[in-house]
*Asks:* 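Starting off with a structure, shown below.
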Amino acid sequence: MKLRLDENWTTKNNGYPLFDEEVERYLSVLPTKAQAEKADEPFYCFIHFGMNTATGREWGNATEQLSDFDILKIRPDQWARAIKASGASGVILTCKHHDGFCLWDTGTTRFNSMNAEISLDIVRAVKNACDGEGLKFGVYLSPWDMHEKSYGEPMYNDFFCRQLTELLTDYGEIFEVWFDGAKGAVAKDFTYDWDRYYKLVRTLQPEAAIAICGPDVRWVGNEAGKARKSEYCVVPEYLTVAETVQKHSQQTAEGAAALQQIKSSDEDLGSREVLKGNQYLKWYPAEVDVSIRKGWFHPGGGKVKSAGKLFDIYLNSVGNNSFLLLNVPPSRKGVIPFKDRRRLKKLGEKINAIYENPVISQTFGELKDTDGFIEFKFNSPKKLKYCVLREDITKGQRVEKFDLYLLKPNGKYKRAYSGTVIGMRKIIELKGSAVGALIIIRQSRSNPVIRDIGFYE
């Protein structure tokens, strides 16, 4: 096979400028400290639990009453153990969904779990369970509220900010604040004061990421566990506008099916062709949100995704320069069912298995003009399963195209993968024996800065 070693970033750079004013503009877009740290713990779980768990709905219908929440016992410690076994680093809890029922001891409304028969601050119980397992804790607070009478009036922004303040001051450190753009078609026309919400988060929890309808973490655009082939971190800043996210969010309880796909027109968000037409850019990595079951709340049944399917989603998200937010809904019995727990445990085992048998792992840094390709030699034939690559994202997102070749025991090279973005993390599945490998970076924005590359049996 012709390797074309002379066609790399140090020579032709695939026909693109290696460094000019435009490339310098791209490289000036860097992650915040919180975003960079988050890249090292890219997998965490959603817990959808609340009034809908009790009523068996996905969305409320504005008729719910306190007596409808008839769940009397929950096991947050069991939830946290199950999620820890999956390999996840944290939990985001639906502290309030669209029905307006609050899972904490709030002073803003009587419509909360303390006034239901369970008489429990569920947010605190889950936070304590997460602390016990070493899991980070995050909050989801639905901007849309079917129950609150002030919704649709300017005073609702005050109401919402009081709720947000309670969650951000009474429960310790919060790693992510999750806002969505879902709003029913019959909901009152109302513009949320997003800037005020963001300022409040920055003041009370300055290290927390603000996700989806927020400036730090981008919604991937579907709920099917799918990321783009090239999922860039540097994208046009207009994608951070909350109203843009709202427009493409779920509008009805039955609208989830439409979010199980990616539109091809949305495939490219960060190539040079896209960025050059946008004056303002942003470091805005994608988060892939998907449920272990068909629905977001536990329906009392429904098919659970296999461990193999969950692992494929992991590879296509965490292994594709994205974050993964996997929803794990407890049942109305207050527990995560055995089948779900078993799948989570197997997922954790599969994730751990990626790194169990290292063949070679090497750190790099900024490549020199003589490093058009990187060569690896193994001490004996190895049955490779994975190659994991990471850029040093504190120096920007640089690699745009690369090829991976394996040196077979017969002395011949075979191309195993052709890729584009590396970014926070790229995980490549491999098959067959090899005695070495060759990575040729074909295209880059200035000199590539590689954090590390590893091969694993």
*Asks:* So, do Tyr197 and Phe160 have ring centers that fall under 6.0 Å from each other?
*Replies:* yes

*Asks:* Measure the NZ-CD distance between Lys188 and Glu153 for me, rounded to the nearest 0.5 Å.
*Replies:* 5.5 Å

*Asks:* Got a salt bridge between Lys127 and Asp131, using NZ or NE/NH1/NH2 to carboxylate O under 4.0 Å?
*Replies:* yes

*Asks:* Does the Glu148 side chain pair with the main chain of Ser150, one donor and one acceptor, at a distance under 3.5 Å?
*Replies:* yes

*Asks:* Going from NE2 on His48 to OG1 on Thr94, what distance comes out if it is rounded to the nearest 0.5 angstrom?
*Replies:* 5.5 Å

*Asks:* Please report the interatomic distance CG(Leu200) to SG(Cys161), rounded to the nearest 0.5 Å.
*Replies:* 5.5 Å

*Asks:* Identify the two heavy atoms, one from Val288 and one from Ser322, that lie closest to each other, and give their separation to 0.1 Å.
*Replies:* CG2-CB, 4.1 Å

*Asks:* Please check: side-chain N/O of Glu133 versus main-chain N/O of Arg81, any donor-acceptor pairing under 3.5 Å?
*Replies:* no

*Asks:* Is Asp340 salt-bridged to Arg293, going by a charged N under 4.0 Å from an acidic O?
*Replies:* yes

*Asks:* For the ring pair Tyr238 and Tyr280, is the centre-to-centre distance below 6.0 Å?
*Replies:* no

*Asks:* Checking Glu400 now: which residues fulfil side-chain contact (heavy atoms from CB on, under 4.5 Å) with it, not counting sequence neighbours?
*Replies:* Arg272, Gln443, Arg445

*Asks:* One thing to verify: whether Arg25 and Glu21 come together as a salt bridge, which I'm taking to mean a side-chain N less than 4.0 angstrom from a carboxylate O.
*Replies:* no

*Asks:* With no hydrogens and no angle check, is any side-chain donor or acceptor of Asn321 less than 3.5 Å from a backbone partner on Glu231?
*Replies:* yes

*Asks:* Charged N to carboxylate O below 4.0 Å: is that the case for Glu166 and Arg162?
*Replies:* no

*Asks:* Would you mind checking if Lys136 and Glu41 are paired as a salt bridge, meaning a charged N to carboxylate O distance below 4.0 Å?
*Replies:* yes

*Asks:* Check whether more than 12 heavy atoms from other residues, nucleotides or ligands sit under 6.0 Å from atom CD of Gln362, and answer yes or no.
*Replies:* yes

*Asks:* Check for me whether Lys38 meets the cation-pi criterion with Phe323, that is, NZ or CZ under 6.0 Å from the six-membered ring centre and within 45 degrees of the ring axis.
*Replies:* yes

*Asks:* If I compare all heavy atoms of Ile428 with all of Leu389, which pair ends up nearest, and what's the gap?
*Replies:* CD1-CD1, 3.7 Å

*Asks:* Other residues, nucleotides and ligands only: do more than 12 of their heavy atoms fall within 6.0 Å of CD on Glu273?
*Replies:* yes

*Asks:* Does NZ belonging to Lys309 count more than 12 external heavy atoms closer than 6.0 Å?
*Replies:* no

*Asks:* Using modelled atom types only, decide if a donor and an acceptor are shared between the side chain of Thr53 and the backbone of Arg332 within a distance under 3.5 Å.
*Replies:* no

*Asks:* Under the side-chain contact (heavy atoms from CB on, under 4.5 Å) rule, what do Gln205 and Val177 come out as? Steps first, then yes or no, please.
*Replies:* CA-CA 9 Å; Gln205 293 282 345; Val177 180; 5.6 Å; no

*Asks:* Keeping Asn320 on the side-chain end and Arg228 on the backbone end, is there a donor-acceptor pair under 3.5 Å?
*Replies:* yes

*Asks:* Tell me whether the count of non-hydrogen atoms from other residues, nucleotides or ligands lying under 6.0 Å of CZ in Arg196 goes above 12.
*Replies:* yes

*Asks:* List the steps, then state whether side-chain contact (heavy atoms from CB on, under 4.5 Å) holds for Thr55 with Phe69.
*Replies:* CA-CA 8 Å; Thr55 61; Phe69 191 79; over 6 Å; no

*Asks:* Does the side-chain contact (heavy atoms from CB on, under 4.5 Å) test come out yes or no for Leu103 and Lys96, once each step is laid out?
*Replies:* CA-CA 6 Å; Leu103 300 187; Lys96 183 188 77 172; over 6 Å; no

*Asks:* Once the angle between the rings of Tyr156 and Tyr151 is folded into 0 to 90°, is it parallel (under 30°), tilted (30 to 60°) or perpendicular (over 60°)?
*Replies:* perpendicular

*Asks:* If you look at every heavy atom in Ile174 and Ala208, which pair is closest and at what distance?
*Replies:* O-CB, 3.2 Å

*Asks:* Rounded to the nearest 0.5 Å, what separation is found between the CG atom of Leu315 and the NZ atom of Lys426?
*Replies:* 9.5 Å

*Asks:* Output yes when a side-chain donor or acceptor of Thr32 lies under 3.5 Å from a complementary backbone atom of Gln35, and no otherwise.
*Replies:* yes

*Asks:* Rounded to the nearest 0.5 Å, what's the gap from CG on Asp180 to NE2 on His98? Could you check?
*Replies:* 5.0 Å

*Asks:* Determine whether Asp216 and Arg202 satisfy the following criterion, salt bridge (Lys or Arg N to Asp or Glu O under 4.0 Å), listing intermediate values before the conclusion.
*Replies:* CA-CA 11 Å; Asp216 300 325; Arg202 294 288 192 242; 2.9 Å; yes

*Asks:* Any side-chain to backbone donor/acceptor pair from Asn112 onto Thr109? Under 3.5 Å, distance only.
*Replies:* yes

*Asks:* Identify whether the distance between the nearest side-chain nitrogen and carboxylate oxygen of Lys346 and Glu349 falls below 4.0 Å.
*Replies:* no

*Asks:* For Val274 and Pro236, which heavy atoms make the closest approach, and how far apart are they?
*Replies:* CG1-CG, 3.9 Å

*Asks:* Mind checking whether Phe297 and His97 have ring centres under 6.0 Å apart?
*Replies:* yes

*Asks:* Assess the residue pair Phe101 and Phe111 against the criterion (ring pair (Phe, Tyr, Trp, His ring centres under 6.0 Å)); give the C-alpha distance rounded to whole Å, side-chain angles, the decisive distance to 0.1 Å, and a yes or no.
*Replies:* CA-CA 6 Å; Phe101 183 66; Phe111 196 51; 5.3 Å; yes

*Asks:* List the atom of Phe402, the atom of Val421, and the distance in Å for their closest heavy-atom pair.
*Replies:* CE2-O, 4.2 Å

*Asks:* So does Glu22 have more than 12 non-hydrogen atoms from other groups sitting under 6.0 Å from CD?
*Replies:* yes

*Asks:* Tell me whether Thr106 contacts the main-chain N or O of Thr108 through its side chain, where contact means a donor paired with an acceptor under 3.5 Å.
*Replies:* yes

*Asks:* Quick one: does Glu64's side chain have a donor or acceptor within less than 3.5 Å of a partner on Asp99's backbone?
*Replies:* no

*Asks:* Quick one: do Ile74 and Ile122 satisfy side-chain contact (heavy atoms from CB on, under 4.5 Å)? Show the steps, please.
*Replies:* CA-CA 9 Å; Ile74 63 172; Ile122 296 174; 3.9 Å; yes

*Asks:* Might you point out which heavy atoms bring Leu324 and Val318 nearest each other, and give the distance in Å?
*Replies:* CB-CG2, 3.8 Å

*Asks:* For Tyr16, what residues pass the ring-ring contact (aromatic ring centres under 6.0 Å, His included) criterion, not counting sequence neighbours?
*Replies:* none

*Asks:* For Arg218 and Tyr284, indicate whether the former's side chain and the latter's backbone hold a donor-acceptor pair under 3.5 Å.
*Replies:* yes

*Asks:* Salt-bridged, Asp40 to Arg451, with N to O below 4.0 Å?
*Replies:* yes

*Asks:* Check the orientation of Phe175 and Tyr44. Use parallel for under 30°, tilted for 30 to 60°, and perpendicular for over 60°.
*Replies:* perpendicular

*Asks:* A side-chain contact here means heavy atoms from C-beta on lying under 4.5 Å apart; do Met424 and Gln397 qualify?
*Replies:* no

*Asks:* Looking at Phe137 versus Tyr171, is the centre-to-centre ring distance below 6.0 Å?
*Replies:* no

*Asks:* Verify the ring-centre separation between Tyr192 and Trp144: is it less than 6.0 angstrom?
*Replies:* no

*Asks:* Atom OG1 of Thr203 and atom OH of Tyr198: how far apart are they, to the nearest 0.5 Å?
*Replies:* 14.5 Å

